[in-house]
Each structure stands twice: as structure tokens, then as C-alpha cells.
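Structure first, commentary second.
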Amino acid sequence: MKKWVYMKNLYNHVEIEKKWQEKWQEQGLYKVQDSVSEKENFYQLVEFSYPSGNLHVGHWYAFSVPDIFARYKRMQGFNVLYPMGFDAFGLPAENAAIKFGGDPMSWTYKQMDVMREQLKSMGAMFDWDKEIVSCAPEYYKWTQWMFTQFLKKDLVYRAVTKVNWCPKDQTILANEQVVDNKCERCGSEVIQRDQEQWMLRITKYADRLIDDLDTRDWPHAIKESQKNWIGRSEGSEIDFSFTKKYTYVLLHGFQGSPNEGKYAWLKEELEKRGHTVVCPVLPNTNSPKEIEQVATALDAVAYDENTIVWGHSLGSVVAMKVLEKITKPIAGLILSGAFCSPDFEEDKIFKDTFTWDFDVKKIKSNTGFIKIIQDTADDAITKKQMSEIETLLNVPTRFVKAELPHFDAEKEPELLKALDTKITVFTTRADTLFGVTYVVLAPEHALVQQLLSQIENKDEVLAYIADTKKKSELDRQQSKEKTGVQLKGVFVINPANNEVVPVWIADYVLAGYGTGAVMAVPMHDERDAEFASVYNLPVLDRPLVDKVEITNKVGGRLVSTYRLRDWGISRQRYWGTPIPIVYDPEGIAHPVPDEHLPWLLPTDVDHTPDGTAPLARSKELFERTEKIFGKGWKPEVETMDTFVDSSWYFYRYVDNKNNEAFASPEKMAAWMPLDLYMGGAEHTTMHLLYSRFWTKALYDIGLVQDTEAYTVRRNRGLILGPDGNKMSKSKGNVIDPDNIVKLLGADTVRMYLAFMGPYGVTTNYPWDPNGVVGVRRFLERVWKLQEKISDTVTTETKQLHKTIKKMTEDIEEFKFNTAISQMMILTNEWDSIENISNTEYKTLLQLLAPFAPHIAEELWYMLGNTSSIHLESWPKYDPTKIIDSTMTLPIQINGKLRGTIEVAIGTAKEEIEKLALENEKIQQYISGQQVKKIIVVESRVVNIVL
RNA sequence: GCCCGAGUGAUGGAAUGGUAGACAUAGAGGACUUAAAAUCCUCAGACAGUGAUGUCGUGCGGGUUCGAGUCCCGCCUCGGGCACCA
């Protein structure tokens with residue numbers, strides 16, 4: 001840009017742009033009404049911005065180029081909403097506040113003030129009355145409200161992520177805090193536990209999120225990567241039962257009997273599977289005594305390594321007492337509806353007839369595995385009791401939903417699942433089932449722990465599991481050599497042909513995908529083949545069968561499995577939307593009722609991160625909770641992922657001041673779904689997927705009318721530095737838009753960004769400091785063309801109408817670059833003619849207005865107009881005026897261009913053929929050769945084939 | 001490895017299967033100027049030729065077609081996404 005100096009006298013952009021920005025604001029030129037008679041609404045949106053501070057070229061590209069389209073649509077007669085706001089929660093504000101002092105809130109609001117002024121310098125048609133700010137209580141009130149609505153619809157739940165848990169310290173440990181599977185601080189054995197975290201059930205929508213993509217006018221790339229991300233694979237779950245048969249002892253509870261539905265049903269089901277089942281009648285079931293019940297249970301069977309004991313309710317207490325007494329270890333202990341203290345609301349009759357101390361050491365050493373399974377909606381025992389027994393035995397509880405509370409239904413499939421051990425594999429190749437030569441479990445698979453007592457090479461297996469745990473995710477990904485260990489002594493049966501196959505563990509099988517277990521078919525699967533060759537496992541070439549048929553035949557299930565995981569939204573951070581949950585003294589979570597929303601983010605918090613949730617340090621928050629809900633109530637101290645805030649913001653723009661609802665149905669009906677959503681490609685699998693899920697969830701609850709919130713989506717690319725690299729301070733290639741705007745004007749910057757290449761494709765364009773000057777020159781040319789206006793000229797040039805036509809078509813396709821070049825072609829032509837008419841020039845200004853709103857407005861008023869050019873309509877071309885009378889037709893010989901002829905439009909084919917052949921130059925080429933064929937493509941080409 | 005997308009002058013980029021390189025930048029020459037900048041005019045894919053003109057030319061190799069930057073097959077390179085996903 002070194003050679004260019006602007007001519008102050010000719011066109012003073014600084015003055016003009018400032019003047020019009022102020023006037024527009026005074027006039028309220030861009031105020032948007034919800035409906036304007038005879039105008040169709042058009043809602044265009046660009047992803048709102050994080051208030052990071054200075055506006056960079058990327059912001060200009062993101063917001064000012066779409067403004068061209070918004071203005072164009074407005075001139076086309078649409079009532080256009082093109083709003084702006086701030087995605088204001090998030091980590092950078094916390095970090096900045098730490099770095100520069102102060103608190104995240106005042107820092108954020110200060111940044112927003114700066115950015116708002118910078119955004120205004122673009123001359124965009126934002127209606128600032130529509131602004132939204134995601135960190136404002138009046139906004140996050142609705143984020144919280146939606147969360148509680150989702151909670152009611154079971155779209156929110158807790159507890160899925162596996163975390164390291166120290167049962168003594170009652171705390172989550174980071175991987176770094178676990179040494180040799182022991183707590184770094186207290187030395188207790190660390191267990192892997194499903195930590196309760198707030199999760200959103202996005203996987204429930206996996207199918208719809210994939211299937212509805214087909215209805216969208218979105219870039220192919222987005223659809224592909226969302227599909228990829230969700231990762232649906234359709235296949236079968238197939239059960240492989242163990243060769244080993246057990247003797248089950250089923251112990252019923254207080255006032256129970258083996259004849260009750262679930263016991264009888266379980267007995268039948270287990271016997272069907274070849275096991276022996278003993279179901280003793282425990283004496284005096286209405287007034288049970290420990291001594292006689294335990295004695296009866298002990299007499300029921302000879303307890304040995306093939307015995308599995310299941311105790312339900314009080315039966316779980318009996319079971320534990322049995323385990324204290326037996327002399328040699330059994331295979332396993334399963335407890336359901338279990339407790340270890342008589343801490344019931346009313347005194348139970350067995351309170352004093354049982355003893356409530358347990359020899360945990362003895363119990364544990366007398367059994368191969370312990371499983372606890374509890375009903376989330378249990379009404380017989382309390383959460384506290386569940387937590388007590390978990391702590392007592394130091395075994396993670398599996399929470400399930402029973403058919404009836406406390407597993408009191410006739411049939412309880414979850415119980416059968418817990419009792420009947422088998423390996424369930426997921427496969428997309430059920431057709432290869434006959435070729436299975438072994439089965440592989442993920443080392444973390446729960447079954448491995450359960451099988452431990454019967455594994456002959458226990459030490460080797462444990463060592464391998466420990467090794468796997470030591471490896472970081474990265475390590476596991478990097479080393480592709482297959483490793484694994486056979487679980488010696490453990491075999492399963494292939495349900496298709498009853499062949500007995502060995503079971504292995506290997507870290508190439510992932511616990512988090514499918515069922516965490518695979519059937520290995522080395523004949524048809526590369527990884528299985530690799531593994532088989534490392535460990536010399538057999539490879540069987542068996543005929544393929546029909547997937548569906550075989551799945552049904554072996555009692556398997558056709559299922560889809562997904563790569564997509566549920567969305568964990570809990571953040572141990574300060575600057576975010578507080579999760580509107582409070583806990584009662586029993587520790588049960590309750591949503592904060594609507595009347596207490598917004599559930600305010602406390603301000604009395606030292607937000608310096610130290611790994612714990614900063615809100616836990618807020619005195620005010622805890623006092624507020626007790627004051628509203630009562631003594632012993634505690635607030636949730638986590639905040640939400642900021643992607644939650646941005647999952648619904650497009651609904652708020654249409655009704656941003658509503659205190660009664662997140663948006664009124666009328667306003668949503670007026671504007672939603674978005675007609676056009678533009679944004680960065682980086683949001684493809686996060687924001688775009690989350691917000692789609694959010695919309696569908698709102699739709700299912702009946703809060704919105706759309707299953708998809710945006711009709712058309714376009715991604716844009718990046719603006720690179722002049723050297724073709726991503727702009728970064730360290731590379732010294734950062735273009736500061738403020739400087740260029742000062743030097744060349746906002747109009748020039750907007751238009752240059754639009755001129756670089758087509759918008760809406762994810763191509764990255766380097767900023768050319770010289771290129772931007774070309775656009776400035778063009779604007780000056782337009783300015784100077786005023787001098788050529790003459791009242792005596794009334795004819796309109798053909799080129800003008802061609803320009804209108806081409807620009808209209810190009811803008812519709814976001815090809816602003818060719819639209820601009822067409823304007824340049826027009827002005828280049830005008831440069832070479834003497835005079836132009838007033839109306840022609842006015843039309844040019846109208847065409848220019850969306851691109852360069854300030855200069856167009858200035859010139860418009862200079863022509864004597866008294867109302868804004870931005871209230872004008874987009875020009876229409878006259879089709880009769882673009883018809884040429886003659887045209888140049890290329891003549892090819894054998895497809896090679898050899899000359900051109902001028903012909904009148906509408907000349908008959910025969911005549912064109914004749915003219916072509918008569919052409920002097922063409923004659924030279926033909927010179928005596930035989931013309932085989934002449935192809936005349938109307939107003940395109942003539943091809944002579946020799 | 002798998003799945004997308006893209007390869008056109010010195011550069012950004014134009015081209016419903018029909019005159020490849022519009023428009024713009026950079027470049028060369030000229031006009032204006034004491035001079036420079038700005039502005040205006042002209043040239044400009046490569047090679048050969050004084051020239052008219054010819055040959056070649058859209059990542060590479062094939063193919064379809066009267067005709068291919070564009071469609072098909074096989075590669076190469078770059079960019080993006082996913083990745084031991086069963």
C-alpha cells in the first residue's frame with residue numbers, strides 16, 4: 001500500500017462515514033418491526049461474537065460481508081432482521097480478569113462497549129435494540145429455565161462419566177493424584193466411579209440429528225462431518241454365554257418369599273441357561289431373626305467357588321452375614337435394594353434382631369466379586385442407605401431403573417442382567433458370526449473384575465490392566481501394535497454353532513464404544529487378523545450368513561451404536577450460567593423453581609481457579625439457598641458449558657426484552673426458523689450440533705415450532721495474513737482493520753473483503769494490501785463519474801441492465817466478487833463514453849448501496865435526493881434492453897478455435913453454416929478437405945468436423 | 001488408514017460441456033509533471049517468429065464427446081474432519 005495516497009479533496013471517507021453513521025442512528029433507519037405490511041420477513045444471522053477486545057479482520061469478514069446480503073434482501077423488499085450480540089460467558093474473561101485484575105463481569109462489559117463501537121464503524125444495519133448478551137441475568141434466566149424444562153423431560157441426568165474416586169476422602173481424583181491405584185493423600189484403594197455430572201441426553205437425538213440433515217440446505221461438508229461425528233453404525237448385539245455353570249442362591253427380603261414373581265421368574269430364567277438355582281424359604285419372614293435366617297441360608301447349599309449369592313433388600317444383609325460365616329470363597333455376591341443400617345423412617349421389626357456391624361474384610365475375602373445394583377426410584381430404602389453400603393463395601397453401585405420401585409415387579413430384567421453373566425458383543429458383521437475364533441473384552445470391562453476368581457492367570461491379567469491404565473490416551477492411540485492377555489480358564493459359547501472360544505482382554509477394544517466387547521473374526525477383520533497373528537489364534541474361513549437372520553436366530557438384537565457421547569455440561573468454573581439446582585439435606589437434587597430464576601451468579605467469589613468450583617466459596621450463594629429452601633439445603637456450585645448459552649440465542653433476538661418467556665410464540669412465528677445462518681467452519685460439530693439438539697428438544701417439549709432452527713447455512717473461510725499464513729502476532733502478519741478503515745474507509749474494507757472471492761465457501765483468502773487499493777480506486781471512479789451526468793442524455797446503456805441482471809444472480813449465490821467485478825465493467829465502460837444519464841447513475845448508486853453504504857448515501861444526497869438510498873428498491877433489469885442485435889460466434893474446426901463471425905441474433909442455422917464456411921480464414925483451413933459434419937449450437941459455437 | 005473438499009497466469013480469482021484466464025493486484029511501456037506520487041492510455045499465459053501467425057497450455061495418466069478446466073476411471077499433491085469405532 002506504500003504507493004497509494006488518498007486524495008482528500010476528492011472523497012473524504014472519514015467525514016462521510018462518521019456523518020452517515022450518526023444520521024442513520026438518529027433517523028432510526030435500521031429499526032426492525034416484527035411485521036411490515038406486504039413485506040416478507042427475512043431473518044439472517046451470523047454467530048455472535050465473544051467480546052475478546054479488539055475487532056480484527058476476521059470480525060469484519062464475518063459481519064460486514066453478510067451485511068451486504070442483508071442490505072440486498074432489504075432492498076429486495078424483505079423485512080430483514082440482522083441482529084448482533086455477545087457470547088459473553090467463558091474462560092477468557094476469567095483469565096483476563098486474573099491477568100489484568102478486576103472481575104470477569106466488569107472486564108466483559110468494558111470489552112463489549114469497545115466492540116460495540118467498533119462494530120458500528122462497519123456501517124452495518126444492525127438494530128442495536130435487538131442486542132443480546134448471554135451473561136446478562138435476563139438472558140441466562142432462560143438458559144436456566146430451559147435446563148429445568150429439559151430436566152422434567154428426562155433430557156438432563158446425572159452420572160455417566162467415569163472418574164477416579166477415593167471412598168475415604170469422598171472426592172474425585174485427577175489421574176495425576178492416583179498412584180498405583182491408591183489415593184495419593186490417604187492411601188485408600190481408588191475406585192472407578194460414575195461421578196454424578198450434569199449431562200444432556202443428546203444421544204437420544206442421534207438418529208434425528210443424522211436423518212434431518214437430508215432436509216437441510218447446508219454445505220455438504222457440514223452434513224458429512226456431523227454424520228461422521230455422530231458416527232452411527234448399525235449392527236447387532238450378540239450374547240456369548242460362559243461355559244461355566246453356577247449354583248445360585250437367591251435370598252429374599254423382609255416379608256418376602258421365593259414364590260414371589262421375581263424370584264420364581266429369575267429361577268426359571270437361570271435354569272434355562274443351565275445353572276442350578278437354590279431359593280431357600282427364610283423363616284419367619286414377617287419377624288425375621290438373623291440367627292435363624294442365616295442358618296437356613298447356610299444349609300441351603302454347599303458354598304464353593306461355583307456359588308453365586310444374590311440377596312435382595314433384607315436378603316442382602318442375610319447374604320453378607322452368610323459370607324462372614326462360610327469357610328471357603330464363593331464366586332460372587334450380588335446385592336440389590338441393599339442396605340447395611342436399619343435407618344428407616346419407621347422402626348422396622350428386624351432392627352433389633354439383626355446385628356449391624358459387618359466384617360467387611362471377611363466378606364470380601366470370601367467372594368470373587370461383589371456387585372451392587374440399586375433402583376434410582378427405590379421407595380423402600382434411602383439414598384443415604386445406598387451410599388452407606390457403597391462406602392462399606394467400597395464397590396461402585398450400578399444405578400438402574402427398575403420396573404417397579406425396589407424391584408418389586410413380576411419380572412425385573414435388570415436383575416436378570418446382573419445375575420446372568422455373559423458377554424454381550426457389538427458387531428456390524430453379524431454375517432461373520434460363524435468365523436468367530438475368540439472374544440475380546442476391553443481391559444476396563446466390568447466383567448473382567450467379576451471373572452477374576454476363576455481366571456487362572458490372574459496376576460498376568462491384573463498386570464495388563466494396570467499397564468493399560470498407566471498408558472495415557474495418547475499412548476494408546478500412538479502404539480498400534482496389538483497386545484492382550486488371554487483370560488485362562490474362561491470360555492464362552494458361540495451361539496451360532498455352540499463352539500467354545502477363548503476370551504481375551506486387549507486395549508484395542510475400547511470400553512466406551514459399543515458394549516466394550518467384540519467378537520473376533522480374523523478372517524474378515526483386519527485388526528482381529530493382526531491380533532490373531534501376534535498370538536497365534538486360529539483363523540477360520542466360514543461361509544457368510546444373513547446378518548438379520550442370524551441375529552434373530554441366536555437371540556441377538558439389532559441395534560445402532562454411536563460415537564457421539566452425551567453432553568456433559570458441568571464446569572468447575574466461575575464465569576458461566578449457574579446450574580439452577582439445589583440439594584436437599586438428603587442430597588437429592590431439585591431444580592430451582594421458576595419464581596427464583598434467574599438463579600444469580602454470586603459476586604462474592606474469588607474466581608482464581610484451583611481445580612474446585614469457585615461457587616463453592618460463595619457465602620452469599622449458600623445463604624441464599626438456605627434462606628429460600630430451608631436449613632441444610634445446598635446449591636449446585638457448577639456452572640454450564642458456554643455452548644449451552646449459544647444453543648438457543650437465535651430465539652432470543654426476536655424477542656430480547658421479554659420477561660414472561662424466552663420469546664413469545666408470535667414473535668417466533670414471525671421470524672423463526674432462521675432464513676440464513678452464516679458462520680465459521682470451526683463450529684460444524686460443536687455449536688451447530690448442540691444447537692440443533694437444543695432446538696429439537698424445545699420442539700419436543702412444545703416450546704418452539706421448528707425441528708431445525710436454520711433453513712440455509714453457509715460457512716465462510718478465514719482471512720489470512722499477506723504472507724498466506726494465519727494472522728498471528730508472532731508472525732507479524734496481522735492486519736489491523738481500524739488502521740485500514742482510517743486510511744481507506746469502511747466502504748473500501750467491506751467491499752474488498754467481498755471482492756476477494758466467493759463467500760460461503762470455506763476457502764481461506766490472503767489479505768492483499770495492494771488489492772484493497774483497487775477497490776478504493778473503483779469507489780473514486782464512481783465518485784468522479786458524477787461529472788459525466790448530463791440532463792440531455794436519456795438513453796440507458798445495455799451494460800447497465802446486464803449489470804443489474806448479473807449482480808442480482810451473483811448476490812443470490814453469495815458471489816459478491818463477480819457482482820463487484822460486473823460493477824467495475826460497467827464503470828469502465830462509462831469511463832470511455834462522454835456522458836451518462838442521471839437515472840443511470842442513480843441506478844448504479846442503488847446497486848452500490850449494499851456494498852458501500854456510506855459513499856452511496858452521500859452521492860445519493862448530492863444528487864438532490866431527500867430520503868435515504870437505503871430505503872430504495874433493488875433495481876430491476878429490463879429484459880428487452882439486454883438483447884443484442886448481433887453476436888460474435890466462435891468457429892471451431894475439429895474443436896479448435898479458428899475464427900469468429902458476426903451474425904445477427906436469430907440467424908437461421910443454415911445461414912450460419914453458410915457464413916461459417918464462407919469465412920475467409922476458415923476457407924484456408926478447410927482448403928479442399930471434406931467437411932464431414934457441421935455442428936451449430938445456438939448462440940454458442942459452430943464446430944466444423946473434417 | 002477412512003471420509004470429505006480443492007488443484008487454472010507472478011497473485012486473489014472468472015468461465016449453464018461451447019472463444020480458458022472476466023474483474024482486480026503486481027509488472028512493462030507511454031502521456032501528464034522540473035521531478036515524484038496520484039491520474040489517464042497501451043501491452044501482458046508459455047514457447048517460436050520482425051510480423052501475420054503457429055504450437056503448447058487449467059496437478060499427472062487414460063477415457064467419453066463434434067468439442068472437456070467442467071463428465072467418467074486410475075494416480076499425485078495440498079487443505080479439512082475422523083481415527084484400534086468392532
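Being a predicted model, the structure only gives us computed values, none of them experimental.
Looking at heavy-atom distances under 4.0 Å, A/Gln892 makes contact with a base. When heavy atoms are screened at a 4.0 angstrom cut-off, A/Phe778 is found touching no nucleic acid atom at all. Using a 4.0 Å heavy-atom distance criterion, A/Arg232 is classed as making no nucleic acid contact. Within 4.0 Å (heavy atoms only), A/Asn228 reaches at least one base atom of the nucleic acid. Nucleic acid contact for A/Arg898: sugar-phosphate only, since backbone atoms but no base atoms lie under 4.0 Å from a heavy atom of the residue. Counting non-hydrogen atoms under 4.0 angstrom, A/Tyr765 reaches the backbone sugars and phosphates but no base. Using a 4.0 Å heavy-atom cutoff across all strands shown, A/Asn828 reaches sugar-phosphate atoms only and no base atom. When heavy atoms are screened at a 4.0 angstrom cut-off, A/Lys896 is found touching the sugar-phosphate backbone but no base atom. At the heavy-atom level, A/Val937 lies under 4.0 Å from base atoms of the strands shown. No engagement by A/Thr561 is indicated, since no non-hydrogen atom pair under 4.0 Å with the nucleic acid exists. Residue contacts shown for A/Lys806 are absent, as no nucleic acid heavy atom lies under 4.0 Å away. When heavy atoms are screened at a 4.0 angstrom cut-off, A/Ile935 is found touching base atoms of the nucleic acid. Residue A/Asn943 is in base contact, counting any heavy-atom pair closer than 4.0 Å across all strands shown.
Between A/Phe69 and A/Tyr72, the ring-plane angle classifies as tilted under the 30° and 60° cut-offs. Relative ring orientation between A/Trp783 and A/Tyr11 is described as parallel, the plane-to-plane angle staying below 30° on a 0-90° scale split at 30° and 60°. Note on ring orientation: taking the six-membered ring where Trp is involved, the planes of A/Tyr508 and A/Phe531 are tilted (angle from 30° to 60°).
Taking atom C1' on both nucleotides, B/rC2 is separated from B/rA48 by 49 Å, rounded to a whole Å. Taking atom P on both B/rG9 and B/rC4, the two are 27 Å apart, rounded to the nearest angstrom. B/rG79 and B/rA15 have their C1' atoms separated by 24 Å, given to the nearest Å. Nucleotides B/rC60 and B/rG69 are separated by 15 Å at their C1' atoms, to the nearest Å. Distance check on atom C1': B/rA14 versus B/rG21 gives 7 Å, rounded to whole Å. Spacing of P atoms, B/rA10 relative to B/rA44, comes out at 16 Å, to the nearest Å. Here, B/rA20 and B/rA86 have their C1' atoms 50 Å apart, quoted to the whole Å.
Which of B/rG81, B/rC84, B/rC66 sits closest to the side chain of A/Tyr508 comes down to B/rC84. Of all nucleotides listed (B/rA14, B/rC84, B/rG81), B/rC84 comes nearest to the side chain of A/Asp507. Side-chain atoms of A/Asn770 lie closest to B/rU25 of the nucleotides B/rG12, B/rA86, B/rU25. Taking only side-chain atoms of A/Lys784, from C-beta outward, the nucleotide of B/rC4, B/rA86, B/rU39 with the closest atom is B/rU39. For A/Thr818, the listed nucleotide lying nearest its side chain is B/rA14; candidates were B/rA14, B/rG12, B/rA86. For A/Phe755, counting side-chain heavy atoms from C-beta on, the closest listed nucleotide (B/rA86, B/rG12, B/rA14) is B/rG12. Looking at the side chain of A/Arg940, the nearest of the listed nucleotides B/rU16, B/rA22, B/rA86 is B/rU16. The listed nucleotides are B/rA24, B/rU19, B/rC84; the one nearest the side chain of A/Met824 is B/rA24. Of the candidates B/rA86, B/rU19, B/rA15, B/rA86 carries the atom nearest the A/Thr428 side chain, counting heavy atoms from C-beta on.
Taking atom CZ of A/Arg563 as the reference point, atom P of B/rA86 lies 11 Å away to the nearest angstrom. Atoms CG (A/Leu889) and C1' (B/rG67) sit 14 Å apart, rounded to a whole Å. At whole-Å resolution of the value, CG in A/Leu897 and P in B/rU55 are 11 Å apart. As a whole-Å value, the separation of A/Leu558 CG from B/rA86 C1' is 16 Å. In this structure, A/Met756 atom CE and B/rU25 atom P are separated by 15 Å, rounded to whole Å. Following rounding to the nearest Å, A/Asn725 (CG) and B/rG79 (C1') show an atom-to-atom distance of 14 Å. One can place CZ of A/Arg527 at 7 Å from C1' of B/rC85, the figure rounded to the nearest angstrom. The separation between A/Trp767 atom CH2 and B/rA26 atom P is 15 Å, rounded to whole Å.
For A/Thr763, no side-chain nitrogen or oxygen approaches OP1 or OP2 of B/rA6 to under 4.0 Å. Of the side-chain N and O atoms in A/Arg781, one or more sit less than 4.0 angstrom from OP1 or OP2 of B/rA24. Residue A/Arg777 places none of its side-chain N or O atoms closer than 4.0 Å to OP1 or OP2 of B/rA24. OP1 or OP2 of B/rA15 has at least one side-chain nitrogen or oxygen of A/Lys815 nearer than 4.0 Å.
Using the Watson-Crick or G-U wobble rule with both distances under 3.5 Å, B/rG45 pairs with B/rC56.
The existence of a salt bridge linking A/Arg776 and A/Glu780 is confirmed by a sub-4.0 Å separation between a basic side-chain nitrogen and an acidic carboxylate oxygen.
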